[in-house]
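Everything numeric here is computed off the predicted structure, so don't read it as measured data. Nothing fancy with the numbering, it's 1 onward along the sequence. We count ligands from 1, going down the list as the structure has it; atoms in each ligand are counted the same way.
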Amino acid sequence: MSELIIEYPVCTTDGRELFPAQTALSDENLKKMISGNQSTIRTGRFLDFGSIKSDILEFLDQDSYLAVFDNKETRQRLMVRMMKAEMPLPVLESIYFFKEYDFYTYRHLLTVFALSTLLSEYLVKDRISIMDGIIGAPSHDIGKIAVPVDILNKKTPLTPDECMILKHHTLSGYVLLCYYFMDPANITARVARDHHERKDGSGYPRGISIDDMMIELVIVTDIYDALISSRPYRPSSYDKRTALEEITKMAEKGLVSWNVVKALINQNRKKRVSIGDCLVSLEKRGVPPPDNLYGTIADHNICKSKK
Ligand SMILES: [Fe+2]
Ligand SMILES: [Fe+2]
């Protein structure tokens, strides 16, 4: 592991400090933290927790996703697949906590999970890899549990300090998931750490290109869902066409995976073809929503990734 520094303390939801501020995220420190987890790991099915299953079904019926999940058989098959996802109870509790604390993030985690599961069927060859991989999607933003709610819900540009705290959700999430899964190589922890990376190295926290289909998949579904959903920092969301054009631009610039973008565009079309035959128009006709504060920051214009 490179010399990443945990800038802010990372605590469990019951207040136990796992990493103090200004600690190196070294293999040694991670091992020490994981060995301190003496609790018996009790797991539960994601869809069986609270109202998660009915909430997912409700979100997929909303206008922004209805066209993607229009086929009943596909939807049922996905629910069966998602039903198999199990995770430690504290992870389930943390995700469910967002339902009260930050409903946008709660909805986002559930829809990114469903969309990633759907696209993985076209992009990941073997079923075991799909099952291993999709489990990282619903917990990718779990580190936001360490971000003050007034920063998450802020309607005006973030200050540089607030931007740093928000960006730290990648590393907080990584630490929390390493601890709960007791494994630093766990896919859920890696998805949380790497879902804001970009292929040209312009992302964070490490500024590296990720070569892992499941993580690349969450990178794209994360951006897409953020664009088409309401957010505190803009009065209206992107329409689906404009959102797909924005992501196509990102693929053209070499920031995200073309294959995942093609799968997403294909799934938004009435007539679907195999990914290899999916032709993408490079024409841009959509109009981004007005007064969008995404990527802006108070005083300076340096916060490029605020999701
Ligand atoms: Fe994120
Ligand atoms: Fe996200």
Side-chain angles (χ1 to χ4, degrees), residues 4 6-8 10 46 52 55-56 59 64-65 91 94-99 101-120 133-149 151-154 158 162-177 187-199 202-208 210 212 214-234 237-238 243 246-247 250 255-257 260 264 293-295 297 303-307:
L4 286 169
I6 292 293
E7 299 281 351
Y8 308 94
V10 180
F46 184 68
I52 285 178
D55 291 339
I56 288 184
F59 298 149
S64 48
Y65 278 108
V91 177
S94 301
I95 293 169
Y96 207 62
F97 182 60
F98 286 113
K99 186 167 180 176
Y101 166 74
D102 173 11
F103 191 78
Y104 162 75
T105 295
Y106 176 71
R107 181 187 180 280
H108 173 69
L109 294 176
L110 271 49
T111 48
V112 166
F113 180 36
L115 188 56
S116 300
T117 306
L118 175 66
L119 298 187
S120 71
I134 59 172
I135 198 173
S139 55
H140 76 273
D141 274 334
I142 198 173
K144 285 188 177 175
I145 212 150
V147 179
V149 73
I151 294 181
L152 293 176
N153 293 325
K154 198 170 175 191
L158 299 182
E162 289 168 337
C163 189
M164 291 273 288
I165 293 170
L166 185 62
K167 284 185 166 187
H168 202 258
H169 78 278
T170 50
L171 295 181
S172 303
Y174 178 67
V175 169
L176 285 166
L177 292 165
I187 182 71
T188 60
R190 290 189 287 115
V191 169
R193 182 189 61 196
D194 297 338
H195 72 276
H196 285 290
E197 298 290 2
R198 300 292 179 255
K199 283 193 165 297
S202 63
Y204 64 91
R206 292 187 289 171
I208 58 163
I210 300 298
D212 181 311
M214 280 314 307
I215 301 175
E216 292 182 65
L217 223 156
V218 174
I219 288 172
V220 171
T221 56
D222 178 49
I223 298 167
Y224 179 68
D225 185 71
L227 290 173
I228 63 169
S229 304
S230 57
R231 302 299 295 258
Y233 48 79
R234 64 172 175 246
S237 52
Y238 281 69
E246 288 291 313
I247 293 184
M250 293 180 78
L255 302 180
V256 297
S257 160
V260 183
L264 178 63
L293 294 177
Y294 172 77
I297 192 163
C303 182
K304 298 288 185 196
S305 303
K306 210 174 66 163
K307 286 182 297 304

Original post:
Looking at the Fe ion (ligand 1), is one of the N, O or S atoms of Asp141 less than 2.8 Å from it?
Top reply: yes
Original post:
NE2 (His196) to the Fe ion (ligand 1) to NE2 (His169): angle, nearest 10 degrees?
Top reply: 90°
Original post:
With a 3.5 Å cut-off and no angle check, do the side chains of His140 and His108 form a donor-acceptor pair?
Top reply: yes
Original post:
Are the aromatic rings of Tyr106 and Tyr101 close, with centres under 6.0 Å apart?
Top reply: no
Original post:
Looking only at heavy atoms, which two atoms of Ala192 and Tyr174 are closest? And how far apart?
Top reply: CB-N, 4.0 Å
Original post:
Of all N, O or S atoms in Asp222, which has the smallest distance to the Fe ion (ligand 2)?
Top reply: OD1
Original post:
Going through the distances and angles, do Leu158 and Lys154 end up as a side chain to side chain contact (heavy atoms under 4.5 Å, CB included)?
Top reply: CA-CA 7 Å; Leu158 299 182; Lys154 198 170 175 191; 3.7 Å; yes
Subject >> 2.8 Å cut-off met by an N, O or S atom of His140 to the Fe ion (ligand 1) >> reply: no
